[in-house]
Amino acid sequence: MTTSDQDRPARDLLDPDLGADVLAGLRDIADFPINGVVFKDFTPLLLDAALRDRIVEDTVARRRGTVDVVAGIEARGFIIGAMIAHALGVGFVPVRKEGKLPSAVHRLSYALEYGTATLEIHQDAVSNGERVLVVDDVLATGGTLAATCELIERCGASVEAIELVLEIAALEGRSKLEGQEVFSIVTV
Ligand SMILES: O=P(O)(O)OC[C@H]1O[C@H](OP(=O)(O)OP(=O)(O)O)[C@H](O)[C@@H]1O
Ligand SMILES: Nc1ncnc2[nH]cnc12
């Protein structure tokens, strides 16, 4: 480890080029899924195995040993969240859209940039006192993540941190996540 590595805050990006490379791997799709929304498509980034691995490694370096379980949000949060859970060697909890989970659930509805949605979590998915890392691709208005945090807390567990690939600052999602540690690899 170099001196500059030691001096770097533990919660910073460990790979200094990662933000720029992730930004280059995203593409903007105008008017999807409704007019007026610029959709940040991260599927090109998923095709790049090396870049995908760097996202996972950077996140794992920040969180190793600090979380008991990863919760990923359907659907894009499943992709990245499952990879991070695997690399951390911890369990994975799916936070799903309404009607998909078979056992008893906690449920919350919320507003999105382009509509409304309902999320559910199995009541027994996380236990009292467990430290949960929440993972998703995008923070936009923050409704999805605020609902997810509330669902985890209803189970008796606590949100240790939230890890995101992209944050859309103009939509002010952080204002709905007061008191949570939120880390975004890229902010636009
Ligand atoms: O901050 P917010 O305004 O709540 O928006 C962010 C959420 O929107 C997207 O999910 P979406 O509900 O479109 O579902 P998908 O992952 O199934 O495409 C994205 O993956 C986040 O979960
Ligand atoms: N503009 C956007 N692009 C991608 N995902 C989103 N989720 C909410 N708003 C989004």
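All ligand and atom numbering here is 1-based and tracks the order in the structure. What you are looking at is a predicted structure, and each value in this text was computed from that prediction instead of being measured.
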Please list the nearest protein heavy atom to [atom] with its residue and the distance rounded to 0.1 Å.
{"atom": "atom 14 (O) of ligand 1", "answer": "Lys97 NZ, 2.9 Å"}
{"atom": "atom 16 (O) of ligand 1", "answer": "Ala75 N, 3.0 Å"}
{"atom": "atom 19 (C) of ligand 1", "answer": "Asp137 OD1, 3.3 Å"}
{"atom": "atom 5 (O) of ligand 1", "answer": "Leu112 CD2, 3.5 Å"}
{"atom": "atom 7 (N) of ligand 2", "answer": "Tyr114 OH, 3.1 Å"}
{"atom": "atom 22 (O) of ligand 1", "answer": "Asp136 OD2, 2.5 Å"}

Have a look at [X] and tell me which of [options] forms a side-chain contact (heavy atoms from CB on, under 4.5 Å) with it.
{"X": "Ile121", "options": "His106, Glu150, Arg107", "result": "His106"}
{"X": "Val182", "options": "Val159, Leu139, Leu145", "result": "Leu139"}
{"X": "Ile73", "options": "Val138, Thr144, Leu151", "result": "Thr144"}

Do the charged groups of [X] and [Y] touch, with an N to O distance under 4.0 Å?
{"X": "Glu74", "Y": "Lys97", "value": "no"}
{"X": "Glu160", "Y": "Arg63", "value": "no"}
{"X": "Arg96", "Y": "Glu120", "value": "no"}

Exercise. For Glu113, counting its heavy atoms only, list the atoms of ligand 2 lying under 4.0 Å from any of them.
Key: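 Listed by number with element: 1 (N), 2 (C), 8 (C), 9 (N), 10 (C).
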Quiz prompt | Atoms of ligand 2, numbered as shown, that sit under 4.0 Å from any heavy atom of Ala140 | solution =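 By the 4.0 Å cutoff, the relevant atoms are 8 (C), 9 (N).
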Practice problem: Identify which of Arg76, Glu167, Glu74 has a heavy atom lying nearest to atom 11 (P) of ligand 1. | Solution: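 Looking at heavy atoms only, the winner is Arg76.
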Quiz prompt | Trace of the side-chain contact (heavy atoms from CB on, under 4.5 Å) decision for Ile29 with Arg27 | solution = CA-CA 7 Å; Ile29 310 287; Arg27 67 179 169 187; 4.1 Å; yes
Quiz item: So is Ile73 polar-close to ligand 1, meaning N/O to N/O under 3.5 Å?
Solution: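 Between Ile73 and ligand 1, no N or O pair is found under 3.5 Å apart.
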Quiz item: Is the backbone of Leu14 close enough, under 3.5 Å, to the side chain of Asp58 for a donor and an acceptor to pair up by distance?
Solution: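 Checked: pair present.
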Quiz prompt | Residue portion contacting ligand 2 (non-hydrogen atoms closer than 4.0 Å) for Ile168 | solution =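 Only the side chain of Ile168 comes within reach of ligand 2.
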Quiz item: For ligand 2, does Lys40 get within less than 4.0 Å through its side chain, its backbone, both, or neither, judged by non-hydrogen atoms?
Solution: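 It is both backbone and side chain that touch ligand 2.
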Quiz item: Is Leu112 in contact with ligand 2, taking contact as a heavy-atom separation below 4.0 Å?
Solution: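 No.
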Quiz item: Is it true that Phe42 lies under 4.0 Å from ligand 2, counting heavy atoms only?
Solution: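 False for this residue.
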Quiz prompt | Sub-3.5 Å N/O-N/O distance, Arg76 and ligand 2 | solution =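 N/O-N/O distance under 3.5 Å: yes.
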Exercise. Report yes or no: does a heavy atom of Gly142 sit under 4.0 Å from some atom of ligand 1?
Key: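 Gly142 counts as a contact of ligand 1 under the 4.0 Å cut-off.
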Quiz item: Quick one: do Leu45 and Leu13 end up in the same hydrophobic cluster if we chain Ile, Leu, Val, Met, Phe, Trp and Tyr together by side-chain heavy atoms under 4.5 Å apart?
Solution: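 Yes, same cluster.
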Exercise. Can you sort out which atoms of ligand 1 are near Val138, meaning under 4.0 Å from one of its heavy atoms?
Key: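 Contacts of ligand 1 toward Val138, numbered from 1: 6 (C), 21 (C).
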Quiz item: Going by the atom numbers of ligand 1, which of them fall below 4.0 Å from some non-hydrogen atom of Glu113?
Solution: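 Near Glu113, meaning under 4.0 Å from one of its heavy atoms, ligand 1 has 3 (O).
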Practice problem: Please say which of Asp48, Asp17, Asp15 ends up in a salt bridge (charged side-chain N to carboxylate O under 4.0 Å, His left out) with Arg54. | Solution: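 In the set Asp48, Asp17, Asp15, the residue that makes a salt bridge (charged side-chain N to carboxylate O under 4.0 Å, His left out) with Arg54 is Asp15.
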